[in-house]
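So the structure is just underneath, and the comments pick up after that.
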Amino acid sequence: MDLKLYDTLTREKRVFRALDPSNVRMYVCGPTVYDFAHIGNARPVIVFDVLFRLLQRVYGAEHVTYVRNVTDVDDKINARAAEEYPDLPLNEAIREVTKKTDKQFHDDVAALGCLSPTHEPRATEHVGEMRELIERLVKSGNAYVAEDNVLFSVASMPDYGRLSHRSLDEMIAGARVEVAPYKHDPRDFVLWKPSKPGEPAWPSPAGIKTPGRPGWHIECSAMAWKFLGETFDIHGGGIDLVFPHHENEIAQSRCAFRTPVMTNYWMHNGFLQVEGEKMAKSAGNFVTIRELRTGWRDFSWPGDVLRFAMLSTHYRQPFDFTHFSLEQAAVALNVFSTFAYPTAGAKPSNEFLEAMHDDLNTPRAIAELHRLLKASKEGAFELTDRMSRPGAMLIDSDFSAAEQLAAGLDYLGINISNYDRDWTRKQSFSGVSPQLKSKIDDLITARAEARTRKEWKESDRIRDELAKMGVVLKDTKDGTTWEIAR
RNA sequence: GGCCACGUGGCGGAGUGGUUACGCAACGGUCUGCAAAACCGUGUACCCCGGUUCAAUUCCGGGCGUGGCCUCCA
């Protein structure tokens, strides 16, 4: 079964061919660590985790190298550090901020069921490689020094702009390019710049005496090079990174190594919206992963729910994050968890695999999961029916659909055997005082007694009374359960 | 202003040049003392206008709408 991936550069879905099947290499742009990661940050992490898992299955876990960087040098970090630790020297304050944020990020991402990448290099630990690249670019005439800055000369690369499909002229037409007097061309971008006093600083390349710090784009070129080589298989990130970040990465890497391509597949996930609108702090609809986990609108959601909700939309489509999208995901996971039957070595159904191989068509794969759920239910009911007969045996029962369901969920990175389907009910209880809870239990007991006496009026009166308190009853074979109406 | 993506039934969301996506909700039924839950069943939708075609939601062009990028925001 061929794996097909959509490549932003060529704008087509192509069969994926690894440069080296014994070492498939993927690079994904990671977080800038200055604050809690928001749910928008979660999307590429989840999407490329799914791809990582798929590649591992296709090529073998030990034959895939996945690199996701940590950007720990950035103006936003500096600003945050100065704000949070005004009494510390800036560099120490920065270390505090990046250390703390990095840990938060990893906690959150683990809760979303994401595997650790093979390498998670930090920008500040690879300044040497960045300098090396810059030296090469200056030597090759693709970069120049101006007032202690090193700038990439866009004009030196004839096919600059291919990824974002912008011609050089168009970029000027846009006209919102930062103009600095020392730039040869307004489109040129910074590879290295001098540090202000107190800021993080490293020895500069290209004979510059003043210590400086790297521009944003160079770190990814450097770390991808170090861990994956001059060219590699897949480079991923959010669609907003296409320009200028990825365009500039291509320019740096290809010109430094004289290669026709930086990576064979450029993959970009679509943006996230919240209730149909752009998520922004100013709009007041900003949601962090941490909030979601610990209480968003009075509800704490398991990471698997956000993960599944996101995978219900194809990764290139915009994902609209809503309360309803979480509820739908939770409903699906709850019912999946009751029927899925994890078995070592079980494989997902063919239709599921086809969908996943078709540019990670997770919505189609999930539709197949629903079909397997249906088949699992039928199997389960048939089994219950047989077990109710004397002398029934368990043997020869068909669990294949339930096994394929669990295996499919596993492909999506959802460990269904660890999924706690009672979490909604527990949450309902958590908001209820012990006194109220015992009152509810008393009323339910009273109703049960009334029902055994067939005093329907009284039992219905009690049910109404509970309903007024917001308590909804569910009668099952094994007794009555209840939950708080939402 | 430039570049790009998207626009499918009440909602979410796949897909296809002519045949059922799927899920949620809704509706009908079974079950239940009655409900709820559970189970079974039902849905003919593809922004507008042209064009290509025997046939377009699907291809092409235009329009409208939404969103993204053009500013070191995933």
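Below, chains carry the letters A, B, ... as their sequence lines are ordered, and counting in each starts from 1. Bear in mind that the values here come from a model prediction, so they are computed numbers and not experimental data.
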Across the strands shown, which category fits [X] at heavy-atom distances under 4.0 angstrom: base, sugar-phosphate, nothing?
X	result
N361(A)	sugar-phosphate
E368(A)	nothing
K76(A)	sugar-phosphate
G237(A)	sugar-phosphate
L272(A)	base

With rounding to whole Å, what would you report as the distance between [N] and [M] at their [atom1] atoms?
N	M	atom1	value
rG12(B)	rC54(B)	P	38 Å
rG29(B)	rA21(B)	P	25 Å
rG28(B)	rA5(B)	C1'	41 Å
rC27(B)	rA36(B)	P	10 Å
rC6(B)	rG13(B)	C1'	13 Å
rC47(B)	rA25(B)	C1'	24 Å
rC46(B)	rU57(B)	C1'	4 Å
rC31(B)	rG41(B)	C1'	15 Å

Gap between atoms [atom1] and [atom2], on [X] and [N] respectively (whole Å):
X	N	atom1	atom2	result
K374(A)	rA38(B)	NZ	P	15 Å
F324(A)	rA25(B)	CZ	C1'	6 Å
Y27(A)	rA74(B)	OH	C1'	13 Å
L311(A)	rA14(B)	CG	P	12 Å
K457(A)	rA35(B)	NZ	C1'	17 Å
Y6(A)	rC6(B)	OH	C1'	12 Å
I444(A)	rA37(B)	CD1	P	16 Å
L405(A)	rC22(B)	CG	P	17 Å

Is a salt bridge present between [X] and [Y], judged by a nitrogen-to-oxygen distance below 4.0 Å?
X	Y	value
R451(A)	D475(A)	yes
R122(A)	D102(A)	yes
R290(A)	D108(A)	yes
D359(A)	K13(A)	no
R162(A)	D159(A)	yes

Give the nucleotide from the list [options] with an atom nearest to the side chain of [X].
X	options	answer
H38(A)	rG67(B), rA74(B), rA36(B)	rA74(B)
R11(A)	rC69(B), rA5(B), rG13(B)	rA5(B)
T313(A)	rG13(B), rC34(B), rC22(B)	rG13(B)
T32(A)	rG23(B), rA74(B), rA36(B)	rA74(B)
F271(A)	rC69(B), rA36(B), rG33(B)	rC69(B)
I239(A)	rC70(B), rA35(B), rG68(B)	rG68(B)
H370(A)	rG23(B), rG33(B), rG15(B)	rG23(B)
A367(A)	rA36(B), rA21(B), rA74(B)	rA21(B)
P363(A)	rC24(B), rG13(B), rC70(B)	rG13(B)
P244(A)	rA74(B), rC70(B), rG15(B)	rC70(B)

| Distance-only polar pair, side chains of Q328(A) and S312(A), donor-acceptor under 3.5 Å | no

| message | Can you confirm whether the side chains of W192(A) and S204(A) place a donor and an acceptor under 3.5 Å from each other? | response | yes

| At under 4.0 Å, does any side-chain N or O of Q317(A) touch on OP1 or OP2 of rG12(B)? | no

| said: If the cut-off is 4.0 Å, is K474(A) near the phosphate of rA38(B), judged by side-chain N/O to OP1 or OP2? | reply: no

| request: Would you mind telling me which residue lines up with the more 5' stretch of RNA chain B, R43(A) or S325(A), judged by nearest nucleotide? | output: S325(A)

Using Watson-Crick or G-U wobble geometry with both distances below 3.5 Å, tell me the partner of [N], or none.
N	answer
rG1(B)	rC70(B)
rG23(B)	rC11(B)
rA45(B)	none
rC6(B)	rG65(B)
rC54(B)	rG18(B)

| message | Taking the six-membered ring of Y265(A) as reference, does the cationic atom of R14(A) (NZ for Lys, CZ for Arg) lie under 6.0 Å from its centre and within 45° of its axis? | response | yes

| query | Is NZ or CZ of R316(A) both nearer than 6.0 Å to the six-membered ring centre of Y6(A) and within 45° of the ring axis? | reply | yes

Kindly indicate whether the side chain of [X] and the base of [N] share any N or O donor-acceptor pair separated by less than 3.5 Å?
X	N	answer
R316(A)	rA5(B)	no
Q328(A)	rG12(B)	no
R371(A)	rC22(B)	no
S459(A)	rG33(B)	yes
D460(A)	rG33(B)	yes

